[in-house]
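The structure appears below as structure tokens.
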Amino acid sequence: MPLYHSQLYKDSLAQLENAAEAMSADPNIVERLKYPKRAIQVSIPIRLDDGTVKTFEGYRVQHNLTLGPGKGGIRFHPHVDLSETTALAMLMTFKCALVGLPLGGAKGGVKVDPNDLSRQELQGLTRRYAMEIGPFVGPDKDIPAPDIGTDKQTMAWFMDTYSQVQGYAAHGVVTGKPISIGGSLGREAATGKGVAYCINFAYDKMDKEINHSTTVAIHGFGKVGVPAAVDLSEQGAKIVAVSDHTGGVYCEQGLNVLDLQEFCSKEKGLLKDYTRAGVEHISNSDLLALEVDVLIPAAIDSVITIENMEQVKAKIIAEGANGPLTKEAIKYLSEKGVFIIPDILCNAGGVIVSYFEWVQGLAHFFWDEDQINKTLHSILKNAFAEVVKKSEHYKVDMKTAAMCAALAKLEAAMKLRGLFPG
Ligand code: NAD
């Protein structure tokens, strides 16, 4: 399968090229950034509960390690492939650079629907995947984290497998771990909280504030969507619609977010089964077209495309997911005046608090939640201001501006380190 066939990879390259053109970046640096440093494909045979053996495809891609060890999630999803994983690793390179972390960009995944496996089978899959990519990861090399279809339990199995091989508890090998084995306070909610912070910065920029008339729709009510909904509803916003892969729910007066959160946290808590007075069921495509102040695509990539971009009526789009808008949709909606908060900024809260978790693990010294959230807020606030500045300076949309800010930092570091062997 060609490395570059996915929509997300094409869109990520287009973003890089737009930014490079706007800021007249060194073409030799841009040339290097188009390719991953290292892409590993592994086969993961596991014994299923019925005694048979099934083999799954897995990947770990390290896109660029100039600024530090690789950092990026592990995705368990049926659409995982080398091209998508490479694109996601590339976005991680730019995300870490943008928010000033001493980390490179990486991503991993297994082509599997985790809903089809029992807990025991999932544990086997995670441990064998950890063994297969084990030589390439580690606290100084590459540090995975949760993504779609994986969670803190997955990270616990991964950390345990790696630690068994090393012979000691290696806290720094993954982030997004449970607190009792070296996780960080605030990590679970960090990505969604960061999305909510960025929406607040956008409101500040527009001299507006979030209040009881602010309406929000969230596509993807998972690890990113839920905490974003909780934070924004605590600030008074009305979360009028949320969805998962089974469909969406809508209430004009605002949904009860805590009730939804509790419902979805139960095993098989799917939104298609959520029934409450005053709550209607809607499709995912209807949700994306709702007339709301803020739309948060927080599920998967390429959901707003040339096909449906004209139906989008939101005033602000906060990209909780990685690459939820294709390049055509970004151009069309930016020109229409929609304020897009780019993914590498909007969802960077997760990697920022992952960085705090990694640092705490290496130092064996843990911070309180208040310190974590304050530092997260301050890093995102500075990065948001930098992106706005670049957008004004180069007269480009926020997506291109975020890439410009990241590329400027990478360009400086890559030039200083030089090309090996020269
Ligand atoms: P998750 O698995 O916890 O949640 C994903 C949600 O999206 C679920 O509700 C799922 O049902 C829904 N979904 C999946 N496919 C869908 C579809 N086709 N239509 C509608 N809904 C669909 O995953 P997550 O960790 O919340 O990640 C969501 C996005 O955010 C991904 O793009 C991920 O890369 C990105 N992201 C996650 C983190 C993190 O810390 N978890 C950090 C940065 C970026």
Side-chain angles (χ1 to χ4, degrees), residues 8 12 71-80 84-85 87-92 94-96 98-99 105-109 113-115 144-155 174-177 183-184 186-195 198 217-229 241-249 260-261 263-265 268-274 282-288 296-305 308 318-325 341-355 357 376 380:
L8 189 61
S12 307
K71 191 84 196 80
I74 293 173
R75 181 174 290 195
F76 285 178
H77 192 273
H79 293 165
V80 164
E84 184 197 67
T85 310
L88 290 165
M90 184 174 177
L91 289 176
M92 286 307 296
F94 293 112
K95 195 181 299 180
C96 293
L98 172 65
V99 295
K107 198 83 182 188
D113 186 344
N115 300 311
D147 191 76
I148 297 178
T150 55
D151 58 14
K152 57 188 176 187
Q153 177 61 74
T154 323
M155 295 304 111
V174 284
T175 59
K177 300 180 292 293
S184 174
R187 173 59 187 90
E188 266 192 279
T191 311
K193 197 174 262 304
V195 171
C198 286
I218 304 181
H219 178 259
F221 198 58
K223 293 189 294 297
V224 178
V226 171
V242 300
S243 68
D244 65 15
H245 62 284
T246 66
V249 290
L260 274 164
Q261 182 184 21
F263 178 86
C264 291
S265 66
K268 307 253 183 268
L270 299 171
L271 288 172
K272 71 175 174 49
D273 303 321
Y274 185 77
I282 57 168
S283 68
N284 270 295
S285 46
D286 288 345
L287 181 144
L288 294 170
I296 308 178
I300 50 163
D301 60 85
S302 311
V303 290
I304 303 178
T305 67
N308 62 352
E319 291 190 318
N322 286 308
L325 275 65
I341 310 174
D343 48 5
I344 60 170
L345 171 66
C346 193
N347 68 31
V351 74
I352 294 170
V353 178
S354 270
Y355 165 63
E357 180 177 333
L376 168 65
L380 279 177

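Along the sequence shown, residues are numbered consecutively beginning with 1. All values derive from a computational prediction rather than experimental measurement. Order of listing sets the numbers, starting from 1, for every ligand and every atom in it.
By the 3.5 Å distance cut-off applied to N or O atoms, Lys223 is counted among the residues near ligand 1. Annotation: Val224 places an N or O atom under 3.5 Å from an N or O atom of ligand 1; distance criterion only.
Looking at Gly220, Ala299, Ala321, it is Ala299 that brings a heavy atom closest to atom 28 (C) of ligand 1.
When non-hydrogen atoms are compared, ligand 1 lies under 4.0 Å from the side chain of Arg187 (C-beta onward) but not from its backbone. Within the 4.0 Å heavy-atom criterion, the part of Ala298 lying near ligand 1 is the backbone and not the side chain. Contacts of Ile148 with ligand 1, taken as heavy-atom pairs under 4.0 Å, involve both backbone and side chain. Only the side chain of Thr191 comes within 4.0 Å of ligand 1, counting heavy atoms alone; its backbone N, CA, C and O stay farther away.
Side chain of Asp343 to backbone of Gly323: a donor-acceptor contact under 3.5 angstrom is found.
Taking a cut-off of under 4.0 Å to the non-hydrogen atoms of Gly320, the atoms of ligand 1 that pass are 30 (O), 35 (C), 44 (C).
Not counting sequence neighbours, Lys223 has no partner by the salt bridge (charged side-chain N to carboxylate O under 4.0 Å, His left out) test. Partners of Arg75 by salt bridge (charged side-chain N to carboxylate O under 4.0 Å, His left out), not counting sequence neighbours, listed by chain and number: Glu84, Asp147.
For Arg75, the heavy-atom gap to ligand 1 drops under 4.0 angstrom. Using 4.0 Å as the threshold, Glu188 has no heavy atom nearer than that to any atom of ligand 1.
Counting non-hydrogen atoms of neighbouring residues, nucleotides and ligands closer than 6.0 angstrom, the NE2 atom of His79 reaches no more than 12 such neighbours.
Distance from atom 33 (C) of ligand 1 to its nearest protein heavy atom, with residue and atom name: Asp147 OD1, 3.2 Å.
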